[in-house]
A.B. asks: 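Pasting a structure here, questions to come.
Just so it is clear, the values below take in all heavy atoms, side chains as well, and ignore hydrogens, waters and symmetry mates.
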Amino acid sequence: MAKLLASMNPLSLRKRGTHAKALLALAAVSFLWGTTWVGSKAGVKYMPALQLASIRQMLGGALYIGFFMAKGRAFPRGKEWWPILTLSFLNFFLSNSFSTWGVKYISSGLGAIIGAVFPLWLVVIALIAGNSKLTAKSIIGFLLGFAGICIIFYDHLADFLNPEFRFGIFLSVMGTLSWAFATLYTKKQVLGFNPYFSIGLQMMISGIALFGVTRITGEHIPITEIPMPSWIAILYLAVAGSVLAFMAYLYALQHLPTEQVSIYAYINPIVALLLGTWLFDEKLNAYILIGGVVALIGVYLVNEAFRKKQLVSDQPTASQ
């Protein structure tokens with residue numbers, strides 16, 4: 001599988017790449033994807049969240065598609081569209097839009113932490129599916145992750161009296177659940193489509209669908225009335241948060257071990273927390289810091305358990 005995915009990768013940079021550049025690319029991913037939570041928070045202050053997600057996805061999707069068309073990539077045909085449509089619904093129409101909508105009511109840092117613990121859903125899904133192969137490490141990781149979330153929310157108990165806060169938490173959790181299902185689906189379907197080109201197509205399809213939803217529900221404002229801060233946020237999210245970060249991610253993935261690249265998932269919430277505190281005076285205290293660390297340790301253990309399971313089941317023909 002690794003060789004097949006490498007052949008689909010549009011960035012043929014192995015010969016020109018260096019270890020130092022790959023580490024720089026990883027640092028860029030860790031920072032840029034962390035800032036997207038703050039960017040979304042800034043944008044939804046002045047416009048409906050689903051409208052922002054729609055415009056961002058259409059713009060980012062257009063840039064992706066234009067890049068791959070310039071590379072001469074052919075569009076999917078026939079049955080290749082089914083996994084792309086499914087992932088467009090799970091990854092962007094649900095997960096990205098819910099996460100964007102969620103930070104309208106909760107802090108960007110809290111949204112980032114909730115987003116980072118999505119691997120815990122993999123344990124829940126495995127338990128519901130009756131998977132008897134869960135390891136002790138994955139169970140311990142899940143319990144630590146849950147404990148970390150409890151520590152974080154201990155300081156937010158009073159906030160749960162606010163219906164908007166509860167709604168924001170609900171949206172963010174549903175976004176991570178959708179992302180977990182998308183992750184599992186991608187692992188099963190990855191041989192049937194180009195996962196790199198697919199990202200742009202998923203974004204464009206979802207963006208158009210969300211555009212229709214905002215028109216039907218009336219949750220939109222005229223394009224001419226979108227204020228400059230929201231346009232800046234949209235452009236940043238589409239260009240830096242999507243295209244540039246994705247290209248840096250591909251470059252890092254080509255030159256560094258997968259387990260090393262995965263460290264970005266643990267840095268993103270830290271970036272979001274610090275920037276949210278600096279820019280929006282969001283709450284940052286011992287409960288959030290300790291709870292966040294405990295939750296991320298739990299996520300790490302879950303990731304390690306699933307990675308080892310994947311390596312054992314895939315050898316010698318495939319690796320994730």
A.B. asks: Do the ring planes of Trp33 and Tyr249 sit parallel (below 30°), tilted (30 to 60°) or perpendicular (above 60°)?
C.D. replies: tilted

A.B. asks: Show, in sequence, the C-alpha distance, side-chain angles and deciding distance for Tyr236 and Thr35, and conclude whether the side-chain hydrogen bond (donor to acceptor under 3.5 Å, both in side chains) test is met.
C.D. replies: CA-CA 10 Å; Tyr236 179 82; Thr35 63; 2.6 Å; yes

A.B. asks: Is the terminal nitrogen or CZ of Arg73 (NZ for Lys, CZ for Arg) located under 6.0 angstrom from the six-membered ring centre of Phe75 and within 45° of that ring's axis?
C.D. replies: no

A.B. asks: For a 4.5 angstrom cut-off between non-hydrogen side-chain atoms, does Glu219 reach Gln51?
C.D. replies: no

A.B. asks: Under 3.5 Å, is there a donor-acceptor pair between the side chain of Ser97 and the main chain of Phe93?
C.D. replies: yes

A.B. asks: Determine, step by step, whether Tyr264 and Phe31 satisfy the ring pair (Phe, Tyr, Trp, His ring centres under 6.0 Å) criterion, reporting the C-alpha distance in whole Å, the side-chain angles of both residues, the deciding distance to 0.1 Å, and the verdict.
C.D. replies: CA-CA 8 Å; Tyr264 78 86; Phe31 177 76; over 10 Å; no

A.B. asks: A side-chain contact here means heavy atoms from C-beta on lying under 4.5 Å apart; do Asn268 and Val29 qualify?
C.D. replies: no

A.B. asks: State which residue, out of Trp121, Phe118, Phe98, fulfils the side chain to side chain contact (heavy atoms under 4.5 Å, CB included) condition with Trp179.
C.D. replies: Phe118

A.B. asks: Treating Glu80 as the side-chain partner and Arg77 as the backbone partner, does any N or O pair qualify as donor plus acceptor under 3.5 Å?
C.D. replies: yes

A.B. asks: Carefully, step by step, assess Phe167 and Tyr105 under the rule ring pair (Phe, Tyr, Trp, His ring centres under 6.0 Å).
C.D. replies: CA-CA 7 Å; Phe167 186 55; Tyr105 307 109; 5.7 Å; yes

A.B. asks: Measure from the side-chain N and O atoms of Ser95 to the backbone N and O of Thr176, and report whether any donor-acceptor pair falls under 3.5 Å.
C.D. replies: no

A.B. asks: Heavy atoms only: give me the nearest Trp81-Pro76 pair and the separation to one decimal.
C.D. replies: NE1-O, 2.9 Å

A.B. asks: Please assess Tyr64 against Phe246 for the test ring pair (Phe, Tyr, Trp, His ring centres under 6.0 Å), listing each intermediate value before the final yes or no.
C.D. replies: CA-CA 10 Å; Tyr64 273 125; Phe246 180 74; 5.2 Å; yes

